[in-house]
J.: 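Pasting in a structure now, in structure tokens, and then I'll have a few things to ask.
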Protein chains: 2
Amino acid sequence: MKHSAGLVAPQSADFAEALTLKSGVRLPGFSLTFETYGELNAAKSNAVLVCHALSGSHHVAGFYDPKRKKETQGWWDNLVGPGKPLDTRRFFVVGVNNLGGCHGSTGPVSPNPETGRPYGADFPLVTIEDWVAAQARLSDFLGIDTWAAVIGGSLGGMQALEWTLAYPERVRHGIVIASTPRLSAQNIAFNEVARQAILSDPDFHGGNYYEQGDDGQGVIPRKGLRLARMVGHITYLSDDQMAEKFGRRTRNHKRSFNYDVEFEIESYLRYQGDKFAEIFDANTYLLTTRALDYFDPALDYDGDLQRAFRRAKADFFVASFTTDWRFAPEKSREIVYALLHNGLNVSYAEIDCPAGHDSFLLDDQHYHAALDAYLQGIKL
Amino acid sequence: MKHSAGLVAPQSADFAEALTLKSGVRLPGFSLTFETYGELNAAKSNAVLVCHALSGSHHVAGFYDPKRKKETQGWWDNLVGPGKPLDTRRFFVVGVNNLGGCHGSTGPVSPNPETGRPYGADFPLVTIEDWVAAQARLSDFLGIDTWAAVIGGSLGGMQALEWTLAYPERVRHGIVIASTPRLSAQNIAFNEVARQAILSDPDFHGGNYYEQGDDGQGVIPRKGLRLARMVGHITYLSDDQMAEKFGRRTRNHKRSFNYDVEFEIESYLRYQGDKFAEIFDANTYLLTTRALDYFDPALDYDGDLQRAFRRAKADFFVASFTTDWRFAPEKSREIVYALLHNGLNVSYAEIDCPAGHDSFLLDDQHYHAALDAYLQGIKL
């Protein structure tokens with residue numbers, strides 16, 4: 001039987017020591033918001049770190065409000081909990097909001113210790129390497145020398161991969177889902193459109209929008225964020241699934257001959273865009289897309305992924321989805337091939353799921369069965 | 001030997017009689033800007049109408065300035081001219097700017113006869129059916145009872161298709177390239193993002209931006225148009241071609257850790273967006289994307305394309321490109337299948353060209369050879 005991880009609450013860890021980022025910028029101390037599910041065993045051998053993707057957070061599973069369980073549920077609740085693939089009766093699972101995020105960890109909205117006002121545009125660009133370095137500090141804080149597994153989908157998968165390269169001794173299993181070893185030109189192009197939408201929004205104020213407005217209470221570059229999310233959403237769904245879910249269905253039989261919502265897909269995109277603009281921070285969106293663009297573990301190896309992966313020691317589970325055109329199976333196969341070249345123990349599942357890139361978030365039967373089988377095989 | 005159609009100049013035709021649009025709105029008189037190449041024969045049997053796509057115009061071939069031939073060249077110059085597939089020694093070729101366009105024909109920027117000021121937001125939404133009805137008026141004006149062929153790519157292909165349905169007696173060959181019988185949910189989604197970018201630009205002023213600004217000289221919703229074009233461009237190119245043309249190439253080896261242009265694909269998209277915002281009208285962009293969304297010849301036939309095409313009498317040449325993910329070959333096959341079902345004479349070429357949707361504009365050898373072979377077979 002599957003159960004919920006139950007009522008959970010976020011925690012915070014403060015790190016006083018400065019962190020020198022990949023850009024060379026020195027970030028003076030920071031804090032990370034995290035959550036845990038299950039219990040760390042005496043040998044500290046059952047810890048699993050869940051890395052989040054663009055719109056995720058530390059709130060992976062369980063709920064915040066017993067009266068509003070569904071609305072306050074974690075983003076990977078279908079995967080994490082008692083009896084679920086990441087079984088919290090067996091694993092101690094940790095979710096963490098990334099550095100530069102907007103869900104509690106130090107980020108652009110946090111006060112800049114130098115000025116006492118929000119960092120805004122002065123928050124430094126962080127990379128996936130920086131995120132992993134910050135997560136390593138959290139591991140120390142939690143007393144976890146070695147993760148049984150580091151797992152993530154999409155951008156989270158890149159972090160899992162980076163963990164196995166940056167800290168090969170500290171992660172036993174890398175679980176990389178719906179991910180890619182580096183963005184394609186098309187991937188970067190979509191990110192660039194999203195960034196330009198935000199950067200060109202008059203309410204962006206060069207990133208310092210937190211104290212703008214007539215009353216100095218801050219404004220939101222809502223139009224830009226909304227467009228960024230809309231264009232993102234198109235790439236998260238498959239063409240086929242969009243056709244099935246929305247097709248050419250219209251609100252009314254008669255055409256309205258204006259630019260109001262006419263087709264259901266328009267309504268869906270606007271809703272998703274509006275909702276996102278309410279809850280997400282524009283500066284975090286910008287730096288996250290840049291972190292995605294920059295990630296390229298093979299860059300220092302003349303683009304050779306096989307050489308880049310020579311450092312890795314973990315076992316791997318890699319999964320991709322046939323209808324994912326954002327990070328197509330071909331990209332996962334590149335990862336698998338380069339890992340195998342280095343004699344590593346790799347399981348790979350190419351899942352036939354209609355939901356496109358977003359499949360990694362869904363409770364697809366074959367996907368969860370494959371992941372469950374792999375996770376059960378992890379020795380504690 | 002292939003030659004240029006040479007120095008050309010646009011002409012204009014005025015139509016005093018009102019046109020009742022598909023929306024029911026009555027457009028009081030209008031004018032169309034057009035160009036011609038070659039000569040109409042005595043039997044008036046050699047006329048070919050070229051319909052343009054989103055960013056095209058009546059300026060199909062030849063040039064406007066002998067000193068700036070390349071810069072002032074028509075958009076399908078590689079196809080139209082002496083010795084080219086649409087050979088102007090044999091055919092009388094006509095290009096026309098669509099109603100609602102921004103290259104001379106009556107459109108949002110034209111004066112509204114009721115007010116003497118630019119139509120702006122009051123210019124009615126036009127459909128592909130309306131465009132074809134207006135083009136039929138131009139045919140009368142030119143004394144052309146029957147077109148030897150009506151040809152177009154993408155949105156232009158939809159017009160060619162509509163011609164064969166609305167005026168089956170007036171077109172002998174329908175040539176439909178890189179097109180689709182109706183947009184998919186994903187197609188509409190991309191259009192919607194583009195529209196929202198324009199509609200939410202503060203400089204859009206609800207469509208009445210022509211007389212805004214401090215001096216009343218007008219402003220341009222540049223940011224919105226730019227974003228619309230950027231997102232459009234991503235869909236015009238194939239993933240593979242983008243990878244080949246731009247890949248992950250950066251301007252500098254060292255990362256800049258900011259949001260300036262870093263990858264070449266960013267530079268390309270910004271350039272395309274900026275250039276487009278200088279020359280194109282935002283209201284025309286909006287109404288053109290809506291015309292695309294609305295086109296659905298099977299709508300009145302319960303979605304049944306075979307029944308919808310029962311009216312058609314023309315012969316057809318249909319072409320698609322393997323790497324076109326905007327209007328994939330599958331969509332052209334739907335057209336071909338439904339035409340064949342009605343016993344029509346259909347040639348179909350599925351061209352293996354790496355350039356994605358934009359292939360229809362390029363001088364691909366196999367594409368032009370197939371088109372040339374078909375056009376040579378047209379009896380005059």
Side-chain angles (χ1 to χ4, degrees), chain A residues 21-25 124-125 127 182-186 188-193 195-197 199-202 222-224 226-227 230-231 233-234 237-239 241-249 255 257-259 261-266 268-270 273 286 290 293-294 296 299 303 325 328, chain B residues 21-25 124-125 127 182-186 188-193 195-197 199-202 222-224 226-227 230-231 233-234 237-239 242-249 255 257-259 261-266 268-270 273 286-287 290 293-294 296 299 303 325 328:
Chain A
L21 303 170
K22 203 176 173 191
S23 62
V25 173
L125 257 68
T127 63
R182 56 199 154 210
L183 296 204
S184 69
Q186 193 188 67
I188 297 172
F190 279 117
N191 281 348
E192 170 66 1
V193 170
R195 277 192 296 268
Q196 290 299 315
L199 293 167
S200 69
D201 185 329
R222 202 181 303 271
K223 290 167 185 156
R226 181 175 180 264
L227 287 170
M230 288 172 81
V231 73
H233 244 285
I234 299 178
L237 302 181
S238 72
D239 187 18
Q241 205 202 20
M242 248 195 202
E244 196 183 310
K245 254 177 117 167
F246 306 104
R248 293 182 52 82
R249 273 193 299 284
R255 307 235 148 135
F257 293 96
N258 59 39
Y259 305 123
V261 164
E262 178 115 27
F263 295 92
E264 285 185 12
I265 181 65
E266 295 175 305
Y268 172 80
L269 284 181
R270 289 189 198 184
L286 290 177
R290 215 33 154 180
D293 290 355
Y294 278 173
D296 187 359
L299 184 65
W325 62 279
Chain B
L21 302 170
K22 203 176 173 191
S23 61
V25 172
L125 258 69
T127 62
R182 56 200 153 208
L183 295 205
S184 69
Q186 193 189 67
I188 296 171
F190 280 117
N191 280 348
E192 171 66 1
V193 170
R195 276 192 297 268
Q196 289 300 316
L199 292 167
S200 69
D201 185 329
R222 203 181 302 271
K223 290 166 185 157
R226 180 175 181 265
L227 287 170
M230 288 173 80
V231 74
H233 244 284
I234 299 178
L237 302 181
S238 72
D239 187 18
M242 250 196 202
E244 196 183 311
K245 255 177 118 165
F246 307 103
R248 294 182 52 82
R249 273 193 298 283
R255 307 233 148 136
F257 292 96
N258 60 37
Y259 305 124
V261 164
E262 178 116 26
F263 295 92
E264 285 185 12
I265 181 66
E266 295 175 306
Y268 172 80
L269 284 180
R270 290 188 197 184
L286 290 176
L287 69 82
R290 215 31 155 180
D293 290 354
Y294 278 175
D296 188 358
L299 185 65
W325 61 279

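Every chain is numbered from 1, with letters handed out A, B, ... down the list of sequences.
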J.: Under 4.5 Å heavy-atom distance to chain A, tell me which part of B:Tyr268 shows up: side chain, backbone, both or neither.
T.: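 Answer is neither: B:Tyr268 stays 4.5 Å or more from chain A.
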J.: I need the A:Asn258 CG to B:Leu287 CG distance, nearest 0.5 Å.
T.: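 The CG atom of B:Leu287 is 13.0 Å from CG of A:Asn258, to the nearest 0.5 Å.
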J.: Side chain to side chain contact (heavy atoms under 4.5 Å, CB included) with A:Glu262: which residues, sequence neighbours excluded?
T.: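 Here the qualifying residues are A:Thr250, A:Arg255, A:Ser256, A:Glu266, B:Arg290, B:Tyr294.
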J.: Go through the atoms of A:Leu199 and report whether side chain, backbone, both or neither lie under 4.5 Å from a heavy atom of chain B.
T.: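 The side chain, not the backbone.
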J.: Check each atom of A:Phe263 against the heavy atoms of chain B and say whether the ones under 4.5 Å are side chain, backbone, both or neither.
T.: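 Interface part for A:Phe263: side chain.
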J.: By side chain to side chain contact (heavy atoms under 4.5 Å, CB included), which residues pair with B:Arg222, not counting sequence neighbours?
T.: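 So B:Arg222 forms a side chain to side chain contact (heavy atoms under 4.5 Å, CB included) with B:Ile220, B:Ala277, B:Glu278.
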J.: Please identify, among A:Gly303, A:Gly24, A:Ala197, the residue contributing the most non-hydrogen atom pairs under 4.5 Å to chain B.
T.: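 Most heavy-atom pairs under 4.5 Å with chain B: A:Ala197.
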J.: Look at B:Ser184, B:Gly247, B:Pro124 and state which one has the largest set of heavy-atom pairs under 4.5 Å with chain A.
T.: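 When all of B:Ser184, B:Gly247, B:Pro124 are compared, B:Gly247 has the most.
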J.: Just so I understand: if I count every heavy-atom pair under 4.5 Å between each of B:Arg248, B:Met230, B:Gln196, B:Met242 and chain A, which residue has the most?
T.: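 Winner by heavy-atom pair count: B:Arg248.
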J.: Please check this pair: side chain of A:Asp201 against backbone of A:Lys223, looking for a donor-acceptor N/O pair closer than 3.5 Å.
T.: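 Yes, because the side chain of A:Asp201 sits within donor-acceptor range (under 3.5 Å) of the backbone of A:Lys223.
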J.: Please state whether the side chain, the backbone, both or neither of A:Asp293 comes within less than 4.5 Å of a heavy atom of chain B.
T.: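 It is both, since atoms from each part get that close.
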J.: For the CD atom of A:Gln186 and the CH2 atom of A:Trp325, what is their distance to the nearest 0.5 Å?
T.: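 One gets 5.5 Å once the value is rounded to the nearest 0.5 Å.
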J.: If you tally heavy-atom pairs under 4.5 Å against chain A, which of B:Leu183, B:Val193, B:Ile234, B:Thr127 wins?
T.: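 Option with the greatest count: B:Ile234.
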J.: What part of A:Ala243 gets within 4.5 angstrom of chain B, counting heavy atoms only: side chain, backbone, both, or neither?
T.: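 The answer is the backbone of A:Ala243.
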J.: Under 4.5 Å heavy-atom distance to chain B, tell me which part of A:Leu269 shows up: side chain, backbone, both or neither.
T.: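 Side chain only.
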J.: How close do A:Phe246 and A:Ile265 get, heavy atom to heavy atom, and via which atoms?
T.: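 Of all heavy-atom pairs spanning A:Phe246 and A:Ile265, the closest is CD1-CD1, 3.6 Å.
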J.: With respect to chain A, which residue among B:His233, B:Arg270, B:Lys22, B:Glu244 yields the maximal number of heavy-atom pairs within a distance under 4.5 Å?
T.: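 It is B:Arg270.
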J.: Can you name the closest pair of heavy atoms from A:Ile188 and A:Arg195 and give their distance?
T.: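 Closest approach of A:Ile188 to A:Arg195, heavy atoms only: O-NH2, 4.4 Å.
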J.: Answer yes or no: is there a donor N or O on one side and an acceptor on the other, between the side chain of B:Tyr259 and the main chain of A:Glu192, under 3.5 Å?
T.: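 Between the backbone of A:Glu192 and the side chain of B:Tyr259 there is no qualifying donor-acceptor contact (under 3.5 Å).
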